[in-house]
Amino acid sequence: MKALRLHRELTAIWRTEPGLRGQLRSVNHSDMGRRFILGAFFFFAVGGVLAMLIRAQLATPHSAFVGPAVYNQLFTMHGSIMMFLFAIPMFEGLAMYLLPKMLGARDLAYPRLSALGWWCYVFGGSILIAAMLAGVAPDAGWFLYPPLSGKTYTPGINSDVWLLGVTFVEISAMCAAIEIAVSILKLRAPGMRLDRMPLFAWYMLATAGMMIFGFPPLILGSILLEVERAFGWPFYAPELGGSPLLWQHLFWLFGHPEVYIIFLPAAGAVSTILPVMARTKILGYGALVAAVMALAFLSFGLWVHHMFTTGIPHMALGFFSAASTLVAIPTAVQVFAWLGTLWAGRPQLKLPMLYLIGFFIVFVLGGLTGVMLAVVPFDAQAHDTAFVTAHLHYVLVGGFVFPMLAAAYYWLPHFTGRGRVMRLGEAAFWLILIGFNLTFFLMHLTGLLGMPRRIDTYPEGMGWTWLNLLSSVGSFLMAFGFALFAIDVALQIWLGRLHKRNPWGAGTLEWAMATPAPAYNFASLAVVEGRDPLEDRPDLPAVLARGDGWLGHARHGWRETMAVDMVSGAPDHIAILPTNSWLPITTAATLGGFFLSMLAGLYPLAPLFLVLVAMLGWRWAWSNGQRRDFGPLPAGPGGAMLPIAAETRGTTGWWGSVFALTASGTLFASLLFGYAFLWTVAPDWPPPQLIARAPFELVLAIAGAVVAAVAVRRGQWPAALAGQGAIVVAMVLLIALRLPAPTSHAYAATGATVAAYVIFHAALAVVMLAFLRARISAGFVGGQRQGEPRIVRLWSDHAAGAGIVAALVIALPGWFA
């Protein structure tokens, strides 16, 4: 009776309201995870249809199936959808659904941020799909190289659709990265030390870190290209001091880590599923963690291997070629650990295992061709041929799609609580495996025979005809396989019989709950003493359901979960999570208004939407916190007491700000890199007109930064506001009075962009300082509740530091001219 009463009380607190209203307001991580997965599968289907159209066009020489203009849109949209609307959202959805359950928590750290990410994903993806249906889809390739994507060669809105739509989707990705990183580090079951975390969590932690550092260069590059197209600021125009190579550097600073951002979550699924299928423990837990972290680090040193044919100096060619081959080592460590696990165990050829076998075959072949392309002389021959297209698909389909199919069948009983109906999955596997290899293995051969990628037709007599026809046949065979997979999953969801809990006999915590999972996951939270909690305590599900673990109660209508010490997993405080809200969808729609006004060329209207976003952000933050101290509250067995988040240090809010500022700092560093790159290698430098000496603005910016930094530590909020205001004034004066017109030269454009970055962050700090004063007056800050001033200090210090750096970067060239 106690367990039933607890279940009802927790359900009342955590449930999603019925009807459309509930769906629009929901912030539950299980809802968000399912939505991301279904949305990603929809976009995968759209991208697959586009792939079929591409293969239909290339099946025969001189094909007139579609014309060149439509074909350019087809391959651009196929690549963009698969990279930005399928692969990343798919693993985000899996992580959102699984991580709290695996870590023994009730939800992610920022439920409303997850919901905001979902709505940004939907709205951004809809922009791209609507543009495709209207015939104005991007057509300059999924990596949108200038000058082809510039106004001269793409005068319509095609490129703007990509720049604004993809950037909108990237907001979703950054939300997910911060959400995942903080949730893994802070919201775990008591006793779950870092070395007891499931390997999937380690893989996702590395992935989130890579996204935080990898996505800002792409966001910056997209902003600069859109500003160039909209306002004529010449970042990439060589005749005015810009360089198209700057885009390539910024894009591939994101683009190559992106390959591993996609691969690592899939590899985490492999490391989770494989030992269960082999009926043994994973071999080399520590080595796998080290390999994952090494891979995450090394992936940022490889971006130039996409640019070997652009005239890179020989020393750089040697360095990046060596780094590209070196990255094979941590990948090989993982492969051999997986093979060793199979060798030590007793593998069962169940359906998830079949897809893992397909993963080994396809991904290893893709890795071998990757080592070939890392060698400069070979890359010079194979660059921009179908060989590269084949390699990319072997790595991404082998390294992501096959593991995700295995994950689908492995965790589908958890999603549905039901078993399979028919054995369509095995037929789907063979169709996909055979069709994929028939399609893309032959593309290696057409590439070696000299067939370029991106061409819409080709003449007879080149030796490509039969290879292309067989590739097209294989692609349709693969499509039939994916259709069977979709039918099999749908039958299991709608017609499958109720299945026993934990059908695989796994030891991780997600199987210690009823399936499908209740809205609150666990009636009480487990104490973890090993890496396989269910093997250590087979009775754990019953213990948790009775409420005999931590937080086995419902009080004040709070959505409570446990926050722990990041390293030791010792209980730290009680995190109180927000409830369902209209704010995520409203904020995403307002951001959508900004992007659509930019796309329509209504530039005076766009800032109004940003003001509305700031007002919504104020309302969002105001809804958090408590007006009084509660002191330590009962939290666990034996009368254990813990404070709530508002009354402690190191909260999820503070760590979220740290990661958000890390991403922002990475964008700023990328901007400074672009400024230095153009100054060093772009044509028409030094600029014809340098900034005049600006002692007043330089002193004003530095003095304002120092005043803001000192005042915010002393709690002197009016002085801190004045310091940030001084930084804004100094930057505005530099742009208005000192710099040449931004349209005249890349020097002026980059200088104005550096100043604009500081203006934005200093203005944001002003808003946050004003918000803090209002919170103090309203009684949200006081006594033990000092977390909000610490968070505002972080943002204020970042703006102050950026102000000093920007003032020096902009002003100093005039002093040494």
Side-chain angles (χ1 to χ4, degrees), residues 10-17 21-37 39 89 92-122 171-188 204 208 510 513 517-522 525 551 554 556-564 573-589 591 616-617 619-626 644-646 651-657 659-660 787 791:
L10 290 172
T11 298
I13 293 172
W14 289 85
R15 73 186 181 98
T16 297
E17 304 158 78
R21 170 188 168 89
Q23 294 302 314
L24 296 177
R25 285 168 42 86
S26 174
V27 298
N28 181 269
H29 79 98
S30 295
D31 290 344
M32 295 303 111
R34 284 190 289 260
R35 290 179 189 182
F36 267 100
I37 290 170
E92 287 173 355
L94 188 65
M96 286 180 183
Y97 181 86
L98 281 179
L99 277 175
K101 299 172 175 62
M102 280 189 166
L103 298 174
R106 285 179 173 155
D107 210 322
L108 294 165
Y110 315 110
R112 290 182 300 188
L113 194 63
S114 298
L116 173 66
W118 159 251
W119 293 114
C120 288
Y121 169 51
V122 169
I171 295 174
S172 168
M174 293 306 300
C175 291
I178 295 169
E179 176 85 89
I180 289 168
V182 176
S183 298
I184 292 171
L185 291 173
K186 291 298 295 181
L187 301 189
R188 306 197 300 268
M204 288 308 311
E510 77 269 25
M513 62 179 68
Y520 51 85
N521 287 344
F522 302 98
L525 306 186
L551 301 182
H556 304 309
W558 289 349
R559 295 188 173 186
E560 298 181 39
T561 192
M562 180 67 65
V564 299
H573 63 268
I574 301 167
I576 302 174
L577 304 179
T579 57
N580 300 325
S581 172
W582 288 106
L583 285 169
I585 187 173
T586 307
T587 305
L591 281 169
L616 288 168
R619 178 69 185 90
W620 188 310
W622 193 268
S623 63
N624 297 328
Q626 310 293 333
I644 61 173
T651 62
T652 55
W654 190 87
W655 280 106
S657 293
F659 286 120
I791 292 172

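Just so you know, these numbers use all the heavy atoms, side chains as well, and skip hydrogens, waters and symmetry mates.
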Handout entry: Interatomic spacing from CE in Met102 to CG in Asn521 - rounded to 0.5 Å
Key = 12.5 Å
Problem - Nearest-0.5 Å distance that lies between atom CD in Glu560 and atom CG in Asp107 - result: 13.5 Å
Handout entry: Any Met32 side-chain heavy atom under 4.5 Å of Leu108 side chain
Key = no
Handout entry: Inter-residue atom distance Thr561.OG1 - Phe522.CZ, 0.5 Å rounding
Key = 9.5 Å
Handout entry: Shortest non-hydrogen contact from Ser26 toward Ala115
Key = O-CB, 3.9 Å
Problem - Arg619: salt bridge (Lys or Arg N to Asp or Glu O under 4.0 Å) partners, not counting sequence neighbours - result: none
Practice task
Taking atom types as modelled, find out whether Thr16 and Asp31 have a side-chain donor-acceptor pair closer than 3.5 angstrom.
Solution key: yes
Problem - Residues Ile644, Trp558; criterion side chain to side chain contact (heavy atoms under 4.5 Å, CB included); working and verdict - result: CA-CA 11 Å; Ile644 61 173; Trp558 289 349; 4.1 Å; yes
Problem - Minimum heavy-atom distance Leu525-Gly104, with the two atoms named - result: CD2-O, 3.4 Å
Exercise for the section: Please determine, by modelled atom types, if Arg112 and Thr587 share a side-chain donor-acceptor pair under 3.5 angstrom. Expected result: no
Exercise for the section: Working to the nearest 0.5 Å, report the span between OH of Tyr121 and CZ of Arg35. Expected result: 13.5 Å
Handout entry: Arg559 (side chain) donor-acceptor with Ile13 (main chain) under 3.5 angstrom
Key = yes
Residues 171-187 side chain polar contacts: donor-acceptor under 3.5 Å, at least two apart:
unit_1	atom_1	unit_2	atom_2	d
Ser172	OG	Gly117	O	2.8
Glu179	OE1	Ser114	N	3.4
Glu179	OE1	Ser114	OG	2.4
Glu179	OE2	Ala109	N	3.0
Glu179	OE2	Tyr110	N	2.5
Ser183	OG	Ala109	N	2.8
Ser183	OG	Glu179	O	2.7
Lys186	NZ	Val564	O	2.9
Lys186	NZ	Gly650	O	3.4

Handout entry: Non-hydrogen atoms of Ser581 and Val27 that approach each other most closely
Key = N-CG1, 4.3 Å
Fill in the blank from the handout: In short, Leu24 meets Ile585 closest at the heavy-atom pair CD2-CD1, 3.8 Å
Fill in the blank from the handout: Heavy atoms of Asn28 and Trp14 approach each other most closely as ND2-O, 4.3 Å
Exercise for the section: Measure the spacing between CZ of Arg106 and CE of Met562 and express it to the nearest 0.5 Å. Expected result: 9.0 Å
Completion exercise
The reported gap from CH2 in Trp582 to CZ in Arg21 (rounded to nearest 0.5 angstrom) is 6.0 Å
Exercise for the section: Start with the C-alpha distance between Leu551 and Tyr520, add both sets of side-chain angles, then the distance that settles side chain to side chain contact (heavy atoms under 4.5 Å, CB included), and finish with yes or no. Expected result: CA-CA 12 Å; Leu551 301 182; Tyr520 51 85; over 6 Å; no
Exercise for the section: Over all heavy atoms of both residues, which pair between Pro578 and Pro111 is shortest? Give the atoms and the distance, please. Expected result: CD-CD, 3.8 Å
Exercise for the section: Walk me through it: do Trp655 and Thr652 pass the test side chain to side chain contact (heavy atoms under 4.5 Å, CB included)? Expected result: CA-CA 5 Å; Trp655 280 106; Thr652 55; 5.8 Å; no
